[in-house]
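None of these values were measured; they are calculated from a predicted model. As the structure lists them, so they are numbered: ligands from 1, and atoms in each ligand from 1.
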Amino acid sequence: MPAMTAPGVLVHGGAGDLPGARIPAHVAGCERAARAGREVLRAGGTAVDAVQRAVEVLEDDPRFNAGTGACLSRAGTLELDAAIMDGATLATGGVCALPPFRHPIAIARAVMHSGRHVLYAGEGARAFAQRQGFAPADPPSMITAAARTRLSEVQAGRAESGWPGGTVGAVAWDGVHLAAATSTGGMVDKEPGRVGDSPLVGAGTFADDECGAASATGLGEAIIRVSLTRLACEFLRAGRSPQAAVEAAIEVLARRVDGRAGIIFMAPDGTPAWTRNTKTMTYAYAALDGREFSGA
Ligand code: ASP
């Protein structure tokens, strides 16, 4: 039977507890990103091209915890994590603890294409990016007043440290292949050098044409322990529906490590699914047949 789904892109703008007043703008940002990814598919781009574009749109949006507007480490610096994965070949690339560059996901893609290594960290990631022709950003151009305020509130004990929400991710199906991408600043007030789940294959980001594509968001230390995105894909491979697969993965996260997170997922036939056990996770879907949905 032919697939009932059309090629499409599903994005998230982070799991957490987003105040109600901020939800509409975050959902609108996700909608813009999903539509930008869909335009790439419409123009003949691949699933990898589409997830990269969708994530770049969110990295440029200062409301999200990725690229411009990402949260700050204890030292007041931006240390960015991102990864991308091609479900056709299992090719993948990532950067972690990357100093400021406008589009960490584009550098992750360059890592994937370079083929030699799959993950670069810190200074080595910066050097790799510059060798590939990416220009480092002036830190003040990417650090927002909101990120500075959030860090000083946490450091003054007026707000809880931890993950701020707003990590971004995308999954896409181009009619043949799947891809996934995730980008984040991590956690507010994190120790310099801390790396979360987002750039780690099978934890925050995973894609395999045989069993699905997924991007996670939430407390990275918990997501890593259960390999959340890979877990969802393996539940699908074992026969669960896309929705049942993501729900089973989040159930394991909660039961085994008391974790809280959200996940977006796309099955090998392009069926989208998502779930969360946090209060909110903004998301948006846009398909080539015109189907769209979004929410928090
Ligand atoms: N998962 C991210 C991290 O722990 C944070 C988030 O999703 O907001 O780095």
Side-chain angles (χ1 to χ4, degrees), residues 11-19 22-23 26 29-30 33 55 58-59 61-74 77-83 94-98 104-105 108 119 121-122 125 146-147 150-151 154 159-171 180-206 214-232 246 249-250 253-254 257-265 274-283 296:
V11 311
H12 71 75
D17 183 6
L18 193 62
R22 287 170 54 196
I23 287 177
H26 280 240
C30 289
V55 166
L58 292 163
E59 287 176 337
D61 187 330
R63 292 183 192 89
F64 294 94
N65 175 22
T68 301
C71 69
L72 301 174
S73 76
R74 176 156 294 182
T77 51
L78 280 178
E79 294 196 1
L80 306 168
D81 294 346
V95 286
C96 55
L98 176 77
I105 200 66
L119 184 60
R150 181 75 195 266
L151 179 66
V154 167
E160 262 180 58
S161 74
W163 104 84
T167 287
V168 309
V171 290
T182 312
S183 182
T184 187
M187 296 169 73
V188 180
D189 196 40
K190 65 185 181 182
E191 296 292 344
R194 179 262 187 189
V195 174
D197 58 297
S198 308
L200 303 183
V201 169
T205 307
F206 190 70
S215 170
T217 167
L219 188 57
E221 281 69 8
I223 293 169
I224 292 168
R225 288 186 175 104
V226 299
S227 306
L228 187 68
T229 52
R230 179 69 193 252
L231 190 58
V246 290
I250 291 288
L253 178 85
V257 296
D258 196 21
R260 285 179 300 134
I263 184 169
I264 56 169
F265 182 84
W274 65 269
T275 194
R276 56 169 165 78
N277 66 353
T278 50
K279 289 193 178 140
T280 61
M281 178 180 71
T282 53
Y283 60 88

Considering [options], which one's heavy-atom position lies nearest to [atom]?
atom	options	result
atom 2 (C) of ligand 1	G196, A261, G218	G218
atom 3 (C) of ligand 1	L228, D197, T184	D197
atom 4 (O) of ligand 1	M281, M187, K190, R194	R194

To the nearest 0.5 Å, tell me how far [X] [atom1] sits from [Y] [atom2].
X	Y	atom1	atom2	value
C71	N65	SG	CG	4.0 Å
L78	L72	CG	CG	5.5 Å
T229	I263	OG1	CD1	6.0 Å

Which of the atoms of ligand 1 are close to [X], meaning less than 4.0 Å from one of its heavy atoms?
X	value
T167	2 (C), 5 (C), 6 (C), 7 (O), 8 (O)
G186	5 (C), 9 (O)
T217	6 (C), 7 (O), 8 (O)

Ligand 1 and N65, any nitrogen or oxygen pair closer than 3.5 angstrom?
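Not met; the criterion fails.
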Would one find an N or O of E221, backbone or side chain, under 3.5 Å from an N or O of ligand 1?
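Min N/O separation from ligand 1 is not below 3.5 Å for E221.
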When the side chains of residues 194-204 are checked against the rest of the protein, which donor-acceptor pairs come out under 3.5 Å, sequence neighbours left out?
{"from": "R194", "atom 1": "NE", "to": "E221", "atom 2": "OE2", "distance (Å)": "2.9"}
{"from": "R194", "atom 1": "NH2", "to": "E221", "atom 2": "OE1", "distance (Å)": "2.8"}
{"from": "R194", "atom 1": "NH2", "to": "E221", "atom 2": "OE2", "distance (Å)": "3.3"}

Are E79 and S73 close enough, and set up right, to give a side chain to side chain donor-acceptor pair (under 3.5 Å), and what steps lead you there?
CA-CA 7 Å; E79 294 196 1; S73 76; 4.7 Å; no
Do D189 and L151 have side chains that approach each other closer than 4.5 Å (heavy atoms only, starting at C-beta)?
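Yes, at least one pair of side-chain atoms sits under 4.5 Å.
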